[in-house]
Amino acid sequence: MITDLSEQYDDLRQGTNLRWKGSPKRIAFPKNAEDVAHEVALIRDTGLVPAVRSGGHCYEDFVSNGRVTAIIDTSAMNQVSWDPNMKAFEVGAGAQLGAVYQLLYKQWGVYVPAGNCPTVAAGGHIAGGGYGSMNRRDGLVVDHLHAVEVVHMRADGSVAISRGTRDPNDPHHDLWWAYTGGGGGNFGIATRYWLRSPQAIGDAPETALPRPPRHVWISTVSWNWDTLDEAAFKRLMTNHAKWHEKHSAPDAPETALFSQLKTWHRTNGAVTMDTIVDDAAQDAAGMLARYVQAVSDGVGAPAILQERRVPWMQATQWAGFTGPDPTRRFDGKSAYLKRAWTDEMLSAAYAGLTDPRMTNPVALLMIASYGGAVNSIAPEDTAVAQRDSIIKFQVVSIWDDPEKDAENIAWTRNTYAGMFASSGGVPVPNGTVDGAFINYCDTDLDDPRFNRSELSSFDLYYKQNFSRLQKVRNTYDPKEFFRHGQSIPLT
């Protein structure tokens, strides 16, 4: 247990986003659900205010703030093992995704389609319905969630440990469902997840989850900003979105391809695109070439910075997808795209990315491939309601100097607001966009200065699944013991 007198305290009272620094009185590192239950009871009895942390990648100050006085850090619960009784892989809430991939693949030759950043931990990632570079091929990580163990508090103040499974006859089935995209810090503390694909057959671990590609093609290309006027920028963005419109059906061969288009601010000098393709796909190298050509059509061929075939295990550490530097500050705002951008969105994006008042070359639109197998699941089957989108993107800025906070936050706010000006400054679900992503939490969605629509952040994150999530909150945290800036409210 860490206190404010411990040598590690200053490091451990903050997470990956250095904008946020808390002042907790204690930080505990439980090793199992029983330890967590004991810590929750202690926090209850001493009147402290709790928060839970897995990898520490929260976009907002939900863990590191002045109100929280006790952090339950799940990093000691980092096991990855085969559970023969559950016939599923047990993954601790503190297990980092890079380790999960290595242990699953090296021992059993399987994987789970989770996120790209290797230091993100399972606890919050899975709870929010995480996605990654294989989501078009194999779906979201929650599409393979078999069960979850949660420490929570009953209405009478007693602490309980409950396990919910995919089985609809399980009395805790709704708890499982809530952890398929309902977000962290809403229902209790997830301590263990069990992963097994719904279509898995037999008792052997080697058949319980998908097999990853043996090899993949990775590619980075770039377009010089000096060659991109507004018309060319819009053409590039439209080409990219139209390709995804055409190739995002669950049975499309092109679901073997995932890409991140990074339209950096003009001061960066270039727009880049990182792509990965399953080498087992028919004519994988040709698919990659045709994709780059389609995005480039009418814009000009990009510079090829790298293109090579590598083993999948090594590709999980590829710098093209591994996330932001954890020693920096950042701000981000998300949306789902169901079809190609409107001209309003493109004009606002171009204006933001070429704004001469902005001096940060690491401000960008991060545009990720989506759809494919993700869209084969009904919106109500998991808490992730966005099941017909083709792209997930965020307006994001990354910087170092605290004195640059206002400049960078203003840029993300203004660019995002301009892209959704006709819908109140936020991505109101319609034929083109489909709300926001809870794992890229954004408290501006609750601020009437920035959200002038009639929808709350919960409507944007959860859509029609919000009311069911509220009922689960009523059942498993009726005292609202766990609270943060965007906790699901009780009914």
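Computed from a prediction, not measured in an experiment: that's the story for all the values here.
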Worksheet item: Does Ser376 reach the main-chain N or O of Gly372 with its side chain, forming a donor-acceptor pair under 3.5 Å?
Response: no

Item to complete: Sort out for me which residue in Phe258, Trp243, Trp217 forms a ring pair (Phe, Tyr, Trp, His ring centres under 6.0 Å) with Tyr291.
Response: Trp243

Worksheet item: Do any N or O atoms from the side chain of Asp143 and from the backbone of Val374 form a donor-acceptor pair under 3.5 angstrom?
Response: no

Worksheet item: Aromatic rings Phe466 and Tyr462: how do their planes relate, parallel, tilted or perpendicular, breaks at 30° and 60°?
Response: parallel

Worksheet item: Side chains of Thr432 and Arg339: donor-acceptor distance under 3.5 Å anywhere?
Response: yes

Item to complete: Look up atom OH in Tyr59 and atom CD1 in Ile438, then write down how far apart they are to the nearest 0.5 Å.
Response: 12.0 Å

Discussion item. Strictly distance-based, threshold 3.5 Å: is any side-chain N or O of His144 a donor or acceptor partner for the main-chain N or O of Pro210?
Written reply: no

Worksheet item: Is there a donor-acceptor pair closer than 3.5 Å between any side-chain N or O of Thr491 and the backbone N or O of Gln470?
Response: no

Item to complete: For residues Gly164 and Leu175, report the shortest heavy-atom separation together with the two atoms involved.
Response: N-CD2, 4.3 Å

Worksheet item: Between Ala252 and Thr255, what is the shortest heavy-atom contact and its length?
Response: O-OG1, 2.9 Å

Worksheet item: So how far is it from Phe437 CZ to Lys333 NZ, rounded to the nearest 0.5 Å?
Response: 16.0 Å

Fill in: salt bridge (Lys or Arg N to Asp or Glu O under 4.0 Å): pairs with one or both residues in residues 82-105, sequence neighbours excluded
Lys87-Asp203, Glu90-Arg192

Worksheet item: Is a side-chain donor-acceptor pair under 3.5 Å present for Gln14 with Ser64?
Response: no

Worksheet entry | Check: Arg473 side chain, Pro489 main-chain N or O, donor-acceptor pair, under 3.5 Å | no

Worksheet item: Under 4.5 Å between any side-chain heavy atoms of Phe29 and Asp73, yes or no?
Response: yes

Response to the item:
So CH2 of Trp194 and OG of Ser81: to nearest 0.5 Å the spacing works out to 9.5 Å

Discussion item. What I want to find out is whether Asp388 reaches Lys338 closely enough, with some N-O distance under 4.0 Å, to be called a salt bridge.
Written reply: yes

Worksheet item: Between the main-chain N or O of Asp35 and the side-chain N or O of Asn32, is there a donor-acceptor pair closer than 3.5 Å?
Response: yes

Worksheet entry | Inter- and intrachain pairs under salt bridge (Lys or Arg N to Asp or Glu O under 4.0 Å), touching residues 161-189, at least two apart | Asp174-Arg468

Worksheet entry | Closest heavy-atom pair and its distance - Ser75, Asn78 | O-CB, 3.6 Å

Worksheet item: What distance separates Asp61 CG from Asn17 CG, expressed to the nearest 0.5 Å?
Response: 9.5 Å

Discussion item. Using the ring pair (Phe, Tyr, Trp, His ring centres under 6.0 Å) definition, which of the options Tyr105, Phe89, Trp312 pairs with Tyr111?
Written reply: Trp312

Discussion item. Using a 3.5 Å distance criterion without hydrogens, assess whether the side chain of His265 forms a donor-acceptor pair with backbone atoms of Ser397.
Written reply: no

Discussion item. Looking at Gly109, is its backbone amide N or carbonyl O close enough to the side chain of Glu206 to form a donor-acceptor pair, meaning the two atoms are under 3.5 Å apart?
Written reply: no

Discussion item. Can you confirm whether Asp279 sits close enough to Val216 that some side-chain heavy atom of one is under 4.5 Å from a side-chain heavy atom of the other?
Written reply: no

Fill in: Asn451 (side chain) donor-acceptor with Ser456 (main chain) under 3.5 angstrom
no

Discussion item. Between Thr180 (side chain only) and Ala383 (backbone N and O only), is there a donor and an acceptor less than 3.5 Å apart?
Written reply: yes

Practice prompt. Inspect the contact between Asp331 and Arg413 and indicate whether a charged nitrogen and a carboxylate oxygen are less than 4.0 angstrom apart.
Written response: no

Fill in: Contact summary for Met237 and Trp341, nearest pair of heavy atoms
O-NE1, 3.4 Å

Practice prompt. Using a strict 4.0 Å threshold on nitrogen-to-oxygen distance, state whether Arg387 and Asp381 make a salt bridge.
Written response: no

Discussion item. Between Gln486 and Tyr461, is there a side-chain donor-acceptor contact under 3.5 Å, judged purely by atom types and distance?
Written reply: yes

Discussion item. Under a plain distance cut-off of 3.5 Å, with no hydrogens placed, do His57 and Thr119 share a side-chain donor-acceptor pair?
Written reply: yes

Item to complete: Measure the CD-CG distance between Glu60 and Asn65 for me, rounded to the nearest 0.5 Å.
Response: 11.0 Å

Practice prompt. Mind jotting down which residue pairs meet the salt bridge (Lys or Arg N to Asp or Glu O under 4.0 Å) criterion with at least one end in residues 99-124? Sequence neighbours excluded, please.
Written response: none

Worksheet item: Between Asn465 and Trp177, is any pair of side-chain heavy atoms under 4.5 Å apart?
Response: yes

Worksheet, complete the sentence: Between the OG1 atom in Thr74 and the CZ atom in Arg53, the distance rounded to the nearest 0.5 Å is 9.0 Å

Worksheet entry | Side-chain donor-acceptor pair present, Ser162, Tyr476, cut-off under 3.5 Å | no

Discussion item. I need the minimum non-hydrogen distance between Phe420 and Val433, along with the two atoms involved.
Written reply: CE2-CG1, 3.8 Å

Practice prompt. Locate the shortest heavy-atom distance separating Pro30 from Ala76; write the atom from each residue and the value.
Written response: O-CB, 3.5 Å

